[in-house]
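Working notes for the structure below.
Order of the sequence lines fixes the chain letters, A, B, ..., with proteins taken first and strands second; residue numbering starts at 1 for each chain.
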There are 2 protein chains.
Amino acid sequence: MSERESTGFLMKQRAFLKLYLITMVEMKKGYALQMLDILQHDFKNLGYRPNHAEIYRSLDDLVEDGILYRVKKLQPNMNSKHKEVVYYHFVSDGGYEAAMRYKANVKTDLDRCIKILRKAVADNYS
Amino acid sequence: MSERESTGFLMKQRAFLKLYLITMVEMKKGYALQMLDILQHDFKNLGYRPNHAEIYRSLDDLVEDGILYRVKKLQPNMNSKHKEVVYYHFVSDGGYEAAMRYKANVKTDLDRCIKILRKAVADNYS
DNA sequence: TCATGAACATCTTGTTCATGG
DNA sequence: CCATGAACAAGATGTTCATGA
């Protein structure tokens with residue numbers, strides 16, 4: 001949550017995934033592995049395939065940031081067996097607002113990274 | 001030198017610096033710390049400040065890749081003392097061609113990364 | 001088997017130290 | 001001090017293992 005100055009090179013995968021997970025929680029896309037499936041599908045043609053551990057770590061970050069909380073639910077599957085899955089919601093006391101601030105910060109970094117990459121194209125290919 | 005499939009998230013800083021260093025050797029920008037100064041200056045407003053260790057590691061990579069070789073030269077400074085500095089040149093047997101192939105590969109990755117970031121902007125801000 | 005994690009390993013990068021002008 | 005490295009530490013991420021339903 002600390003608004004640290006972006007002092008490094010390109011943004012970290014973790015921040016990128018937290019951004020997507022916030023948006024997917026807004027859109028109620030499901031539990032962790034379902035969101036992972038969607039991301040793997042959507043980025044397949046861009047050669048990026050996130051893994052499950054990083055998804056869980058990102059969600060855990062968002063919980064520790066005070067943005068999301070977990071709700072365990074029983075989910076019936078096709079074999080009439082029940083499995084417990086974890087859904088995420090914005091914490092009622094400022095979670096959504098914190099999420100929007102986080103997204104705004106990441107937007108700044110996305111724009112910064114795009115500038116760096118476009119500069120590299122301009123500087124090195126002529 | 002292996003043309004490995006870009007399987008990860010965004011590109012590594014190392015590849016980014018190797019790209020710039022190749023271009024700067026083409027343009028004869030000087031020795032390592034001079035090139036570092038230029039990069040630090042040019043990316044200052046984008047919040048990116050590479051450090052000297054990563055520059056040396058990138059140059060070492062390019063030497064190990066068979067693209068560059070080192071030439072030590074004595075450089076007089078203002079105090080009439082002499083210091084040995086290291087300049088880099090393309091190896092005569094295919095070094096330049098290998099450098100151009102490397103640059104072409106990085107270009108592909110730069111474009112891929114820009115697509116990923118622009119997709120994130122489109123997907124998460126509306 | 002799927003879903004959720006933790007634990008472990010590795011790879012990348014940043015920081016500090018060493019050497020020689 | 002500068003220039004070049006090496007060595008070490010820290011961080012980020014990938015891989016594997018554990019647990020329960």
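- Between Tyr88(B) atom OH and dA3(D) atom C1' there is a gap of 11 Å when expressed in whole angstrom units.
- With hydrogens and angles ignored, the 3.5 Å screen pairs no side-chain donor or acceptor of Arg70(B) with any backbone N or O of Val86(B).
- Spacing between atom OH of Tyr31(B) and atom P of dA3(D) amounts to 3 Å, rounded to whole angstrom units.
- In terms of the salt bridge (Lys or Arg N to Asp or Glu O under 4.0 Å) criterion, Lys115(A) has no residue partners (sequence neighbours excluded).
- By the 6.0 Å contact criterion, OH on Tyr87(B) is enclosed, its count of non-hydrogen atoms from other residues, nucleotides or ligands being greater than 12.
- We find that NZ of Lys73(A) is positioned 18 Å from C1' of dA21(D), with the value rounded to whole Å.
- Lys73(B) has no carboxylate O lying under 4.0 Å from a charged side-chain N of Glu84(B), or vice versa, which leaves the two without a salt bridge.
- Enclosure of atom CG in Asn45(A) by more than 12 non-hydrogen atoms of other residues, nucleotides or ligands within 6.0 angstrom is indicated.
- Distance alone, capped at 3.5 Å, places no donor-acceptor pair between the Asp65(A) side chain and the Ile67(A) backbone.
- The nearest whole Å value for the distance from the CG atom in Asp37(A) to the C1' atom in dC2(C) is 11 Å.
- When rounded to the nearest whole Å, the span between NZ of Lys12(A) and C1' of dG14(D) equals 16 Å.
- The CE atom of Met35(A) sits 12 Å away from the C1' atom of dT4(C) (whole-angstrom rounding).
- A sub-4.0 Å separation between OP1 or OP2 of dG5(C) and a side-chain N or O of Arg70(A) is present.
- A heavy atom closer than 4.0 Å to some atom of DNA chain D occurs in His52(B), Tyr56(B), Arg57(B), these being the qualifying members of residues 50-58 of chain B.
- Ring centroid separation for the pair Tyr88(A) and Tyr69(A) does not come in under the 6.0 Å cut-off.
- Residues Asp60(A) and Arg57(A) are not paired through a salt bridge, judged by the lack of any N-O separation under 4.0 Å between the basic side chain and the carboxylate.
- Side-chain nitrogen and oxygen atoms of Gln34(B) include none within less than 4.0 Å of the OP1 or OP2 phosphate oxygen of dA3(D).
- Centroid-to-centroid, the aromatic rings of Phe43(B) and Phe9(A) stay 6.0 Å apart or farther.
- Spacing between atom CZ of Phe16(B) and atom P of dT12(C) amounts to 17 Å, rounded to whole angstrom units.
- Atoms CG (Leu36(B)) and P (dG14(C)) sit 12 Å apart, rounded to a whole Å.
- Note on the helix from dT1(C)-dA21(D) to dG21(C)-dC1(D): terminal axis deviation equals 30°, with five pairs used at each end and the result rounded to 10°.
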